[in-house]
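Inspection log for the structure reproduced underneath, given as structure tokens.
What you see is a predicted model; the values in this text were computed from it and never measured. We number each residue from 1, following the sequence as shown. These numbers come from the heavy atoms of this one structure, side chains and all, not from hydrogens, waters or symmetry mates.
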Amino acid sequence: KVEVKPMYITRLTHLVQIPKAKQNIVVTVGEDEPGHPILRVWNMNTKLADSACVRYVDLTSLSKTNALVNVTCIVVSDNMSNMAIGFSRRNCLVVLQTRHHQGTAVQSDT
């Protein structure tokens, strides 16, 4: 018998499948605690017994103002090098990856 664990303790708010990725990748945003959005990247090609979560980012740790309350939208490029996450307080977090940087988070506050 396989035990199925939930993706998040509190709620799953967004799920994006990356159709052109080399692997079967799903990016999710949810909450283990209310008001603390967490981004997770899942490799859906792994076996159920293995951990499919390959990346975990607490979005509040990337915020300069801790104003990232509710995620309203998320978009991820096909090659997963760029990502933008919109929040209910009219701010946006953009993650850019270039040849010279692993990832740079740029936050826009209004």
field: For L12 against V29, the heavy-atom pair lying closest together
entry: CD1-O, 3.5 Å

query: Do V26 and V75 belong together in a cluster built from hydrophobic side chains that touch within less than 4.5 Å?
result: no

- request: Could you pull out all residues at least two apart from D32 that satisfy side-chain hydrogen bond (donor to acceptor under 3.5 Å, both in side chains)?
  value: R40

message: How long is the straight-line distance from CD1 of I9 back to CD of E33, given to the nearest 0.5 Å?
response: 8.0 Å

message: Applying side-chain contact (heavy atoms from CB on, under 4.5 Å) to H36 and T10, what does each step give before you reach the verdict?
response: CA-CA 10 Å; H36 295 280; T10 303; over 6 Å; no

query: Would a 4.5 Å heavy-atom cut-off, applied to side chains only, mark V94 and N82 as touching?
result: no

query: Is the closest side-chain heavy-atom distance between L93 and F87 below 4.5 Å?
result: yes

task: Compute whether any side-chain donor of one residue and acceptor of the other, for T13 and Y8, lie under 3.5 angstrom apart.
output: no

query: Which pair of non-hydrogen atoms, one from H14 and one from V71, has the smallest distance, and what is that distance?
result: CE1-O, 3.0 Å

message: Working to the nearest 0.5 angstrom, can you tell me the gap between M83 CE and I74 CD1?
response: 5.5 Å

task: Identify the heavy atoms of I18 and D78 that sit nearest to each other, and give their distance.
output: CG2-O, 3.2 Å

field: I85 vs L39, side-chain contact (heavy atoms from CB on, under 4.5 Å): CA-CA, chis, key distance, verdict
entry: CA-CA 10 Å; I85 304 167; L39 178 130; 3.8 Å; yes

query: Within the distance-only criterion (no hydrogens, no angle test), does the side chain of T28 pair as donor or acceptor with the backbone N or O of L15 below 3.5 angstrom?
result: no

